[in-house]
Q: 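Here's a structure for you.
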There are 2 protein chains.
Amino acid sequence: MSARDARDVALETIQRELTAVARRARATAAQMHPELSLVAYTILAHIEEQQGCRATDLAAHYLLDKSTVSRQVAALERLGLIERRVDPSDHRVQVLHLARHGNEILATARASRRETFEARLRDWDREDLTRFAADLVRYNVDAASHP
Amino acid sequence: MSARDARDVALETIQRELTAVARRARATAAQMHPELSLVAYTILAHIEEQQGCRATDLAAHYLLDKSTVSRQVAALERLGLIERRVDPSDHRVQVLHLARHGNEILATARASRRETFEARLRDWDREDLTRFAADLVRYNVDAASHP
DNA sequence: CTGATATCGTTGTACTATACAACTCTCGGG
DNA sequence: CCCGAGAGTTGTATAGTACAACGATATCAG
């Protein structure tokens, strides 16, 4: 097999397997946590990681329309998982923070999610994992610059 | 950093990056081909690869409800991309095949999709690609057995 | 052969996530 | 002070999905 062919085969495989990843993420999303969709989980995690953020930030980061984010955020607020605090220095802006219940829910969801991945990746040794993680990061960086 | 920590960091990274992959796939899906959603593309590709398949097979393979598949298939038939042929040996079954137009559309969609991935992965050398492809396959196998 | 059970697919219904467009409120610069 | 730009909300439409009820066909036990 020529180098050209090997490259083509790998490209084809990567396409197919990444599609499978996306499909699985969708199918698994619902049963993550009874109270938390995958989008909701992602938003909570982002807010925690950023120590508070604006709805516009979420929209930009997740390639979503601001109206979509607005509704997701409203739902999370209704559930008492997040709070909005109007930015005192700019009253157009609402900074989102985790509410206490949001912290709790996020912690349990994260734990259960982690268990899932632990189970899936149990047979991988440390080098395999770090290499795979690095490759995924690299792929996402490249994908972001070649949309 | 202990081995335990390295493992944890890698696990966390893999979770986050795989979620990003799913998010990107969703956002990119629409603009793949004017006439073809990501699901539609996937179905066409599956039919081609299997040289014809049943709606039930698609549902099982993609973790979708049979009603969902039924509607997707109906839409693809309306567009003239696939044909249904009643299985002569079992009249409950409809075997799906690509119509001529379906073959053409699939070919162009596949080419444009391939270009996208070529661009993204241009800087990867052959070893990087084959290793990444193999890791993705391994991950999906493991994920399938630990849902 | 007949009736019970299972399989394949369709249709009715409802819900969720999403986008786009129009709007309000607020900010900052001439 | 006004006007353009940014943040967020709401109205509307659409796509994708699930669940449940159904009809048609097949299979198997008796």
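Just so it is clear: chains get the letters A, B, ... in the order the sequence lines come, proteins before strands, and each one is counted from 1.
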Q: Taking the side chain of Thr56(B) as heavy atoms from C-beta outward, which of dT9(D), dT10(C), dG9(C) is closest to it?
A: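 Within the option list, the nearest is dG9(C).
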Q: Can you confirm if the NZ or CZ of Arg114(B) lies within 45° of the ring axis of Phe117(B) and under 6.0 Å from the centre of its six-membered ring?
A: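 No - Arg114(B) does not lie over the ring of Phe117(B) by the 6.0 Å and 45° rule.
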Q: Among dT10(C), dT25(D), dG8(D), which is the nearest nucleotide to the side chain of Val93(A)?
A: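 The answer is dG8(D), which lies nearest to the side chain.
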Q: Asp90(A) CG to dA5(D) P: how many Å, rounded?
A: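 In whole Å, dA5(D) P lies 17 Å from Asp90(A) CG.
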Q: With sequence neighbours excluded, tell me which residues meet side-chain hydrogen bond (donor to acceptor under 3.5 Å, both in side chains) with Asn103(A).
A: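 Expected list: none.
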Q: Between atom CG in Asp87(A) and atom C1' in dC27(C), what is the gap in whole Å?
A: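 Those two atoms, CG and C1', are 12 Å apart.
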Q: Without decimals, in angstroms, what is the distance between Arg84(B) CZ and dG9(C) C1'?
A: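 Arg84(B) atom CZ is separated from dG9(C) atom C1' by 9 Å.
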Q: Within the pair Arg54(B) and dG9(C), is there a side-chain N or O less than 4.0 Å away from OP1 or OP2?
A: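 False: Arg54(B) side-chain N/O out of range (4.0 Å or more) of dG9(C) OP1/OP2.
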Q: To the nearest Å, how far apart are Arg24(B) CZ and dT18(C) C1'?
A: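 Rounding to the nearest Å, CZ of Arg24(B) and C1' of dT18(C) are 18 Å apart.
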Q: Can we say Glu12(A) and Arg7(A) salt-bridge, meaning some charged N sits less than 4.0 Å from an Asp/Glu carboxylate O?
A: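 Salt bridge absent between Glu12(A) and Arg7(A).
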Q: Measure from NE2 on His91(B) to C1' on dA6(C) and round the result to the nearest Å.
A: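 Taking NE2 of His91(B) and C1' of dA6(C), I get 18 Å after rounding.
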Q: Give a yes or no answer on whether the side chain of Thr13(A) reaches the backbone of Val9(A) with a donor-acceptor pair at less than 3.5 Å.
A: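 Pair found, side chain donor or acceptor close to backbone of Val9(A).
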Q: Within the 4.0 Å limit for protein heavy atoms, which parts of nucleotides 12-24 of chain D are touched? Write it as a string from 5' to 3', B for base, S for sugar-phosphate only, - for none.
A: B---SSBBB----
Q: Can you find a side-chain donor-acceptor pair between Trp124(B) and Asp135(A) that sits under 3.5 Å?
A: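 There is no such pair between these side chains.
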Q: Less than 3.5 Å apart, any donor N or O on the side chain of Arg113(B) or Thr19(A) sitting next to an acceptor on the other?
A: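 A pair is found: one side chain offers a donor N or O, the other an acceptor, under 3.5 Å apart.
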